[in-house]
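Worksheet: one structure, shown below.
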Amino acid sequence: MQFVDTTKQLWNKLIWSWNPKSDKESGDAIVKNLLLHWFPNKITKGSLAWQYSLWLGTISFVLFVILTITGMVLMFLYVPSVERAYSSVKDLEFVIAFGSLLRASHRIAAHLMVATVFLHMIRVFLTGAYKNGQSVGSNRPLNWIIGVVLLLCTLLLSFTGYLLPWDQLAYWAITVGTNIASSAPLVGEKIRFFLLGGTVIDQGALIRFYVLHVFFLPVIVLLAFSWHMWRIRKDGGLAVADHEALSQTAEDVAPIKSKTYSLLGVTGGSTVHVQTSMVNEEKNSVPSAPHLVRRIVAVSIATLVVVVVLAALFPAPLEEPANPSVTPNPAKAPWYFLWLQEIVTDTTIPLGAFTINGALIGGILLPGLLIVLALWWPYRDKSGIETVGVWFAPARNRQNTIFIAICLLIIAFTIIGTFLRGPYWNFYWPWETWPTMPVKF
Ligand code: HEM
């Protein structure tokens, strides 16, 4: 009986934030909880709707947490030295209990995170959520820029992890990736030297990638993510809250009592104030505990289940140990850079004695241009505030169409590079068999 009571108490302690018994408990759940305290006490119904955000940002973060936890366990076993890296991964794969599942979970979560962050960016663009609405003090373009940094860090995190198994796949993917970077005029070789810590991929490169992968990049992602979330609070919540406020009648909107704070509680409160959201709380908002908390718990559990199931179904590959003198044919970059490798090949055109430098176009100029465009676009987009937080707002049709076309091209080139390119980067349909290639020494 005693045991049942204790278990019940423990369970209630665990779930009280998503099952509060009163308004007071509901408020306490947010204020007294380290993880929850950065959420507002109340949240608009539109922000909670599955179909608005598709919860892709939350899923991205859950994947980051899964990666951090599995990565920390992997660190107990992995040895970042050229002599021992491969054998330590092989031990993980074949000797250590659940080592294979652990490694596969880490790898699947990494692939999923790259894909989810990309999809999250698409969702943010198509809902015009990088634009300021009516909320005072909002700076959503800045949050978009923080997002671009998060996207680049996510790609780099995955790229630096790619080398660590020190097998053929790892070695040659990094060779292709860093060779593309080296094609920049004047500074190309310097960039490659900086990335590899030398002129060849060996111990210097391995330790550099390792330290970036397990320390610097995760810390940057964590800091940038905290800023990303804090900005959402400062911006008056998700962009859809601005849309909800706009849709309310003037009568609904008039008093915004509950969101007006005085200066450190010293002044009366009506002169210096911060407005977080203009939505009429009574009508359009619900307490974050339990509504938001329950959804976050559900999204986290679902993401974890998907990762573990996929990891069980698709074990992480481990090829032969890295061998600089055996070049696989084709040698491919990691999948999320294959659209660039495809463009590099398509734009490398010999014109008599002269060759158009595809690596410069596809490896440097094009991604550089896309990053600059992404950073500039929130300031260039002059569509009205009625388009903020709305999927496919008609006034943004033209830019949405161009954006979707660019994304579809990236996806199409990725698919071609991943599935349809064989030896010498020749085109093969999935049902065609590749010719057997002599191994190059
Ligand atoms: C590690 C990568 C990222 C994580 C973990 C992350 C996380 C989140 C989360 C949890 C939200 C709340 C809403 C939601 O779940 O969708 C959010 C919103 C937002 N994110 Fe991200 N994000 C990341 C990358 C990006 C990128 C690449 C961009 C754009 C370039 C971006 C731009 C935004 C913006 C503007 C919002 C506010 C959206 C709105 O008001 O509706 N984020 N992010």
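When a ligand or atom number is given, it counts from 1 through the structure's own listing order.
Among all non-hydrogen protein atoms, the one lying nearest atom 12 (C) of ligand 1 is Ile232 CD1, 3.8 Å. With hydrogens left out, the protein atom closest to atom 27 (C) of ligand 1 is Gly147 O, 2.9 Å, a heavy atom. Looking only at heavy atoms of the protein, atom 38 (C) of ligand 1 is closest to Arg123 NH2, 3.5 Å. The single protein non-hydrogen atom nearest to atom 41 (O) of ligand 1 is Tyr52 OH, 2.5 Å, given as residue, atom name and distance. His228 CD2, 3.6 Å is the protein heavy atom nearest to atom 6 (C) of ligand 1. Nearest protein heavy-atom contact of atom 40 (O) of ligand 1 is Ala239 N, 2.7 Å. In this structure, atom 35 (C) of ligand 1 lies nearest to the protein heavy atom Val124 CG1, 3.5 Å. Nearest non-hydrogen protein atom to atom 9 (C) of ligand 1 is Met229 CE, 3.3 Å.
Within the 4.0 Å heavy-atom shell around ligand 1 one finds Trp144. Distances shorter than 4.0 angstrom occur between a heavy atom of Thr154 and an atom of ligand 1. Distances shorter than 4.0 angstrom do not occur between any heavy atom of Val240 and any atom of ligand 1.
In this structure, the side chain of Arg396 does not engage the main chain of Asn400 through any donor-acceptor pair within 3.5 Å. The closest donor-acceptor contact from the side chain of Lys24 to the backbone of Lys21 lies at 3.5 Å or more, if one exists at all.
Listed by number with element, the atoms of ligand 1 under 4.0 Å from a non-hydrogen atom of Met121 are 29 (C), 30 (C). Within ligand 1, the atoms closer than 4.0 Å to a non-hydrogen atom of Thr58 are 10 (C), 15 (O), numbered from 1 in the order shown. Near Leu151, the atoms of ligand 1 lying under 4.0 angstrom from a non-hydrogen atom of the residue are 27 (C). In summary, the atoms of ligand 1 found under 4.0 Å from a heavy atom of Met113, numbered by their order in the structure, are 1 (C). Each of the following atoms of ligand 1 lies closer than 4.0 Å to a heavy atom of Phe225: 5 (C), 7 (C).
In this structure, Trp144 has its ring center under 6.0 Å from that of Tyr130.
Judged purely by distance below 3.5 Å, without hydrogens or angles, the side chains of Asn139 and Arg231 never pair a donor atom with an acceptor atom. Under 3.5 Å, the side chains of Tyr336 and Ser158 contain a donor-acceptor pair of N or O atoms. In summary, the side chains of Thr44 and Ser47 do present a donor paired with an acceptor at a separation below 3.5 Å, with no hydrogens or angles considered.
More than 12 heavy atoms of other shown residues, nucleotides or ligands fall within 6.0 angstrom of atom NZ in Lys332.
Here's the thing with His120: one of its N/O atoms is less than 3.5 angstrom from an N/O atom of ligand 1.
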